[in-house]
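Data first, discussion second: the structure below is written as structure tokens.
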Amino acid sequence: MDPAAKRGIRRGLILGVPLALAAGLFAWSRADIATEADTVAAADFGAGVGGPFALTAPDGSTVTERDLAGRPFLIFFGFTRCPDVCPTTLARMASLRQRLGPAGEDVAIVFVSVDPEEDSPETIGRYLTLFGDDIIGLTGDDARLAEVKRAYGVHAERVPLEGGGYTVDHTATIFLMGRDGRFVSTIDAHEPDAPALAKLERALAT
Amino acid sequence: MKRFAIIAALLASGCAPEAEAPATLAIGEAWARESAPGAAVSAGYLTLAGGDAGDRLIRAESDIADRTEIHSMTMTDGVMRMRPLPDGIAIGPGETIRLAPGGDHIMFVDLRRPLAAGESIAVTLHFERAGARAVPFAVRPAGHVPHHGGE
């Protein structure tokens, strides 16, 4: 990589991280509205969402945003002991991709576990077999996870439950990123399939 | 023949609201999500119709997991929060409550074995008025979307 490109990435980081934070805060303050109309959500998150990350795959290899370059991708944050939203969303992402037909194969699906205490890379790999074999499951140590959560404006907090056990409160938004790694849109949990598919087609067309 | 069709249609329309609002507690469409190999948790969903008097689901139990809990799932500011419901779920008189993906659910915590699509698991639901009810939950694939789902 030439020095100019490196500088560009560094500048992107310096500008991108505070932008992502600001976008996240803004989106958070506007989330009620964002649920109503995704065009607002897209504007709220803006171009600041996304950025570099380096996380571990089930086979132990390191996956970075550069490994996804050239492919649009859906990225979702969760944990394997999540009984409802995570499997529902993972199955939905797989189903949306399938409905795009052969063109959809270009879309990568990324699941980031924000529960490093419980979810080893192997656990995540086993868990994802439930949703088809082409979902990229990632996690990392606290620092690596903090980096990716910051980039996407994701909140995740481990909460102990009365009577034992715990849960993880976490952002359950799907982020759709373009081939260039830039933010395209969010896909909301309760959003009908038609607009979600239209967004994916838009990302594929870029 | 035409008259028969009219009478049948009338009977059917007369019956439909009856099916929607039964006189006593009615439980339907109970299903659980298949689990991944080694997965610790899964969720169950169902429809509860309160009947004339209403009722409250207070507790659930099953042999397939160490604990079977009733959970709420709320989405606030895009953040998912899941919590046990210590008082269970109230079903008002004449009310029908649908537990569906993306909402309140029965949570199977620390599965004793994986749940395979196609099998049926035995769950006992305890109600304030109706008492204990044995309810088979059909295990469905991970991507199952119920017809009356939350979408």
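Values below: all heavy atoms of this structure, side chains included; hydrogens, waters and symmetry mates excluded. Values in this document were obtained by computation on a predicted structure and should not be read as measured data. Just so we're on the same page: letters track the sequence lines, and every chain starts at 1.
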side-chain contact (heavy atoms from CB on, under 4.5 Å) assessment of B:R83 paired with A:D169: CA-CA 10 Å; B:R83 296 290 183 271; A:D169 294 351; 2.8 Å; yes

Measure B:R81 against the heavy atoms of chain A and call it side chain, backbone, both or neither at under 4.5 Å. both

Of the listed A:P87, A:A156, A:S95, A:A94, the one with the largest count of heavy-atom pairs under 4.5 Å with chain B is A:P87

For each of B:P86, B:G38, B:G44, B:S35, tally heavy-atom pairs with chain A at distances under 4.5 Å, and name the one with the top tally. B:S35

Evaluate whether atom CG of A:D142 has more than 12 neighbouring non-hydrogen atoms of other residues, nucleotides or ligands under 6.0 angstrom away. no

Verdict with supporting geometry, B:V109 and A:R81, side-chain contact (heavy atoms from CB on, under 4.5 Å): CA-CA 9 Å; B:V109 187; A:R81 289 182 67 100; 3.7 Å; yes

Between B:E69, B:H105, B:M75, who has the most heavy-atom pairs with chain A when the cutoff is under 4.5 Å? B:H105

Which atoms form the tightest heavy-atom contact between B:P37 and A:T129, and what is the distance? CD-OG1, 3.5 Å

Residue part contacting chain B, namely of A:V154, when any heavy atom lies under 4.5 Å: neither

Region of B:F108 in contact with chain A, defined by heavy-atom distances below 4.5 Å: neither

Please classify the contact of B:M73 with chain A as side chain, backbone, both or neither, using a heavy-atom distance under 4.5 Å. side chain

Give me the atom names and distance for the closest heavy-atom approach of A:T88 to B:P101. OG1-CB, 3.5 Å

Could you tell me whether A:Q98 atom CD has more than 12 heavy atoms of other residues or ligands within 6.0 Å of it? no

If one checks every heavy atom of A:H170 against chain B at 4.5 Å, the contacting part turns out to be both

Got a second to check how far A:D84's CG is from B:M107's CE, nearest 0.5 Å? 10.0 Å

Does CG in B:D63 sit with more than 12 non-hydrogen atoms of other residues, nucleotides or ligands closer than 6.0 Å? no

Does any heavy atom of chain B fall under 4.5 Å from the side chain of A:Y127, the backbone, both, or neither of them? both

Select one option (side chain, backbone, both, neither) describing which atoms of B:M80 are under 4.5 Å from chain A's heavy atoms. both

Looking at every non-hydrogen atom in both residues, tell me the closest pair between A:L130 and B:A36 and how far apart they are. CD2-N, 3.6 Å

Residues A:A91 and B:G143: closest non-hydrogen pair is CB-CA, 3.5 Å

Answer whether the closest heavy-atom distance between the side chains of A:P83 and B:M82 falls below 4.5 Å. yes

Identify the two heavy atoms, one from B:V41 and one from A:T80, that lie closest to each other, and give their separation to 0.1 Å. CG2-O, 3.8 Å

